[in-house]
Undergrad: 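Below is a structure I'd like to ask you about.
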Amino acid sequence: MDFAPELIQALREARHVVVFTGAGVSAESGIPTFRDALSGLWSHFDAEQLATPEAFEADPALVWGWYEWRRRAAARAQPNPAHLAIARMAGLVSQLQVVTQNVDDLHERAGNADVIHLHGNIAQPYCQRCRRPHAVASDNGTEMGDGQRLTPPRCTACGGTVRPGVVWFGESLPQDAWNSAEAAVRSCDLLVCVGTSGLVQPAAMLPVFAARAGAATIQINPDPTPLNEHVRWNLQGPAGKVLPVLVGQTWA
Ligand code: OAD
């Protein structure tokens, strides 16, 4: 794998790096993406029945069961070479922030400390009524089926229904996370965009903001995305293959 010398130089000189990730960065850990044609979750499941406030209202056990299935699978998954390369990079540049659309914690488990979650955290359910976090029971090494229904627990403080800790379609992003992400991409000098289709707003605007603010921009994805035209260097390939080589060659 050969990279443009200008790209290697931009990485070496960068003082503030943002790594913006989507489901593709966790694909090689065995966590399915959403929109890949064969394996993506939205090819097999209906987002309107599972990932909206109305869906939870209509059938809480269906929705809670589906998120428990995903939460347990994410808990069993391990960081892959892409997560590990990003964590390694954090030790090699002055400042590195991860902005992720993912609801798993594989960046943290790989060793990144500064991680902004735009779409929530699947392991942090909370009460729909009083918004207190709900402690996840330690019952749950048990595998679940993807269509298994499960009644959501009740909040131990107020008795309200506990909901998954993720952002659903039709909901706003957590304001603090969005503000931090926007500030990060507008002030960074280099942004690496990894494994996102760039189709979900407002997250998909972040690489565009970075490019407009003058940052050097890199995308790593096996397939082209709408972000290709906004990004200076498009590196085609799986993140778990490309990132370790890129980090290795830059800081050899
Ligand atoms: P998508 O499923 O839309 O896109 C995944 C991207 O990862 C695609 O562009 C793939 O080509 C790419 N990809 C697949 N395997 C890869 C690999 N090994 N290395 C690098 N890239 C790979 O996922 P997101 O863009 O993350 O929202 O989707 C954005 C949001 O839509 C998600 O956060 C989720 C979903 O609905 C919420 O949960 C709120």
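Because the structure is a prediction, the values reported are computed rather than measured. Remember, it's 1-based here, ligands and their atoms both numbered in the order they're listed.
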Undergrad: Got a second to check how far Gln101's CD is from Ser197's OG, nearest 0.5 Å?
TA: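 Here the rounded value is 7.5 Å.
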
Undergrad: Below 4.5 Å, heavy atoms only, C-beta onward: do Leu206 and Leu118 meet side chain to side chain?
TA: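 Side chain of Leu206 against side chain of Leu118, heavy atoms only: contact under 4.5 Å found.
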
Undergrad: Let me check something: do Ile122 and Val115 share a hydrophobic cluster, defined by ILVMFWY side-chain heavy atoms less than 4.5 Å apart, either directly or through other members?
TA: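 Each belongs to a different hydrophobic cluster.
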
Undergrad: In terms of ring plane angle, is the pair Trp178 and Phe209 parallel, tilted or perpendicular, where the classes change at 30° and 60°?
TA: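 Perpendicular, since the angle between the ring planes exceeds 60°.
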
Undergrad: Report each N/O pair between ligand 1 and the protein that falls under 3.5 Å, naming both atoms.
TA:
{"residue": "ligand 1", "atom": "2 (O)", "partner": "Phe34", "partner atom": "N", "Å": "2.7"}
{"residue": "ligand 1", "atom": "2 (O)", "partner": "Arg35", "partner atom": "N", "Å": "2.7"}
{"residue": "ligand 1", "atom": "3 (O)", "partner": "Arg35", "partner atom": "NH1", "Å": "2.7"}
{"residue": "ligand 1", "atom": "3 (O)", "partner": "Ser197", "partner atom": "OG", "Å": "2.6"}
{"residue": "ligand 1", "atom": "4 (O)", "partner": "Ser197", "partner atom": "N", "Å": "3.3"}
{"residue": "ligand 1", "atom": "7 (O)", "partner": "Gly195", "partner atom": "O", "Å": "3.2"}
{"residue": "ligand 1", "atom": "9 (O)", "partner": "Asn221", "partner atom": "ND2", "Å": "2.9"}
{"residue": "ligand 1", "atom": "11 (O)", "partner": "Asn221", "partner atom": "OD1", "Å": "2.7"}
{"residue": "ligand 1", "atom": "11 (O)", "partner": "Asp223", "partner atom": "OD2", "Å": "3.4"}
{"residue": "ligand 1", "atom": "18 (N)", "partner": "Glu28", "partner atom": "OE2", "Å": "2.7"}
{"residue": "ligand 1", "atom": "19 (N)", "partner": "Gly24", "partner atom": "O", "Å": "3.4"}
{"residue": "ligand 1", "atom": "19 (N)", "partner": "Ala239", "partner atom": "N", "Å": "2.8"}
{"residue": "ligand 1", "atom": "25 (O)", "partner": "Thr196", "partner atom": "OG1", "Å": "2.6"}
{"residue": "ligand 1", "atom": "25 (O)", "partner": "Ser197", "partner atom": "N", "Å": "2.9"}
{"residue": "ligand 1", "atom": "25 (O)", "partner": "Ser197", "partner atom": "OG", "Å": "3.3"}
{"residue": "ligand 1", "atom": "26 (O)", "partner": "Ala23", "partner atom": "N", "Å": "2.8"}
{"residue": "ligand 1", "atom": "28 (O)", "partner": "Arg35", "partner atom": "NH1", "Å": "3.1"}
{"residue": "ligand 1", "atom": "31 (O)", "partner": "Arg35", "partner atom": "NH1", "Å": "3.0"}
{"residue": "ligand 1", "atom": "31 (O)", "partner": "Arg35", "partner atom": "NH2", "Å": "3.3"}
{"residue": "ligand 1", "atom": "33 (O)", "partner": "Gln101", "partner atom": "O", "Å": "3.2"}
{"residue": "ligand 1", "atom": "33 (O)", "partner": "His119", "partner atom": "ND1", "Å": "2.7"}
{"residue": "ligand 1", "atom": "36 (O)", "partner": "Arg35", "partner atom": "NH2", "Å": "3.4"}
{"residue": "ligand 1", "atom": "36 (O)", "partner": "Trp42", "partner atom": "NE1", "Å": "3.1"}

Undergrad: Whether Arg71 engages the ring of Trp64 as a cation-pi pair (distance to the six-membered ring centre under 6.0 angstrom, angle to the ring normal within 45°) should be assessed.
TA: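 So Arg71 doesn't make the cation-pi contact.
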
Undergrad: Please name all residues satisfying ring-ring contact (aromatic ring centres under 6.0 Å, His included) with Phe45, sequence neighbours left out, ordered by chain then number.
TA: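 ring-ring contact (aromatic ring centres under 6.0 Å, His included) list for Phe45, sorted by chain: Trp66, Trp69.
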
